[in-house]
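Structure, as structure tokens:
No hydrogens, no waters, no symmetry mates; every other heavy atom, side chains included, goes into these values. Each residue takes its place number in the sequence, starting with 1.
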Amino acid sequence: MTHPHGSVPTPGPHPPQGPYDAGYAPYAQGRPAYDDRSRERYRRPRDGAGTARTALIVHTIADIAAGFLVLWILLYLLGANQANVFVDFVESVANGLAWWSQDIFTMDTEGLRVFLNFGLPAIIYAFVGHGISARIRRL
């Protein structure tokens, strides 16, 4: 393209729009605001890192839940001080996690009752959490 006042080379990909424009067209007609190359720069690679991270989170939450239940069983069976703040905290978390399994087993021996009523949810949380985690990893 030539300039009306003489020969001026086109400096950019767009032809000059007028005597005041030397090839700069910030709002070029017919061109999208972005092209495929600019979108590729912001795409995350699909290497499975997100899936592995999600599986790890599920696995960790299941292990923490089972750990609190097992810790409460140990504290109870070893006769930990029920008035201690830490023991009270572990008991309240364990009761919150095992609310659905309270009094499934009604035994005369209190230690066996606590072991079974809190041990069953610990096993279920561990197996279900690890199973879901393994299933997520296969996606």
Side-chain angles (χ1 to χ4, degrees):
M1 283 229 140
T2 59
H3 195 273
H5 300 291
S7 176
V8 177
T10 305
H14 306 288
Q17 303 293 318
Y20 53 84
D21 183 19
Y24 176 70
Y27 303 107
Q29 301 297 324
R31 216 177 120 177
Y34 55 87
D35 58 0
D36 288 338
R37 287 174 287 154
S38 65
R39 272 190 283 159
E40 286 296 324
R41 188 174 5 175
Y42 299 109
R43 282 196 185 142
R44 290 185 175 180
R46 303 213 29 120
D47 60 356
T51 306
R53 187 175 306 122
T54 304
L56 179 64
I57 289 169
V58 170
H59 185 111
T60 303
I61 290 171
D63 285 347
I64 290 171
F68 267 107
L69 293 166
V70 169
L71 183 59
W72 169 241
I73 292 169
L74 289 174
L75 289 173
Y76 186 85
L77 292 178
L78 295 174
N81 181 8
Q82 302 282 330
N84 184 288
V85 175
F86 176 72
V87 176
D88 185 49
F89 171 73
V90 172
E91 180 185 12
S92 65
V93 171
N95 282 328
L97 290 169
W99 62 268
W100 55 272
S101 70
Q102 294 300 309
D103 297 328
I104 288 179
F105 302 101
T106 54
M107 308 288 186
D108 292 336
T109 308
E110 188 67 20
L112 184 59
R113 186 187 66 77
V114 168
F115 180 78
L116 293 174
N117 285 327
F118 288 92
L120 176 67
I123 291 169
I124 290 174
Y125 283 135
F127 278 133
V128 170
H130 288 218
I132 291 172
S133 175
R135 184 77 167 162
I136 290 172
R137 280 190 185 101
R138 282 185 266 167
L139 293 177

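Aromatic pair Tyr76/Trp72: ring centres closer than 6.0 Å.
Nearest heavy atom pair, residue Val87 against residue Gln82, reads CG1-CA, 4.2 Å. Nearest heavy atoms, Ala66 versus Ala122: CB-O, 3.6 Å. Residues Trp99 and Gly96 approach most closely at CD1-O, 2.8 Å, considering heavy atoms. The two atoms that bring Ala94 and Phe118 nearest to each other are O-CE2, 3.6 Å, heavy atoms only.
A donor-acceptor contact shorter than 3.5 Å is absent between the side chain of Ser133 and the backbone of Gly129. Not one N or O on the side chain of Tyr125 forms a donor-acceptor pair closer than 3.5 Å with the backbone of Leu69.
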**Q.** Step-by-step salt bridge (Lys or Arg N to Asp or Glu O under 4.0 Å) determination, Arg113 to Asp103
**A.** CA-CA 8 Å; Arg113 186 187 66 77; Asp103 297 328; 3.6 Å; yes
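Within 6.0 Å of CZ on Phe105 lie more than 12 heavy atoms contributed by other residues, nucleotides or ligands. Around CH2 of Trp100, the count of heavy atoms belonging to other residues, nucleotides or ligands within 6.0 Å exceeds 12.
Note: the hydrophobic cluster containing Ile123 does not contain Ile132 (ILVMFWY, side chain heavy atoms under 4.5 Å, direct or indirect links). Following chains of ILVMFWY side-chain contacts shorter than 4.5 Å, one can reach Ile73 starting from Phe89, so the two form part of one hydrophobic cluster. Leu75 and Val93 fall within the same hydrophobic cluster, where Ile, Leu, Val, Met, Phe, Trp and Tyr residues are linked whenever their side-chain heavy atoms come under 4.5 Å apart, directly or through other members. Criterion: ILVMFWY side-chain heavy atoms under 4.5 Å apart, direct or through other members. Under it, Leu56 and Val128 are not part of a common hydrophobic cluster. By the criterion of side-chain heavy atoms lying less than 4.5 angstrom apart, applied directly or through intervening Ile, Leu, Val, Met, Phe, Trp or Tyr residues, Leu77 is grouped together with Phe86 in one hydrophobic cluster.
To the nearest 0.5 Å, atom CZ of residue Arg53 and atom OG1 of residue Thr60 are 12.5 Å apart. Residue Ser101 holds its OG atom at 7.5 Å from CD1 of Ile124, rounded to the nearest 0.5 Å. Glu110 CD to Leu112 CG: the interatomic distance, rounded to the nearest 0.5 Å, is 10.0 Å. Annotation: the span from Leu97 atom CG to Ile64 atom CD1 amounts to 10.5 Å, rounded to 0.5 Å.
Put simply, the side chain of Val58 does not reach to within 4.5 Å of the side chain of His130, judged on heavy atoms. For the pair Arg137/Thr54, no side-chain contact is recorded, criterion being any heavy-atom separation below 4.5 Å from C-beta on. Contact of the Ile104 side chain with the Leu120 side chain is registered, since non-hydrogen atoms from C-beta on lie closer than 4.5 Å.
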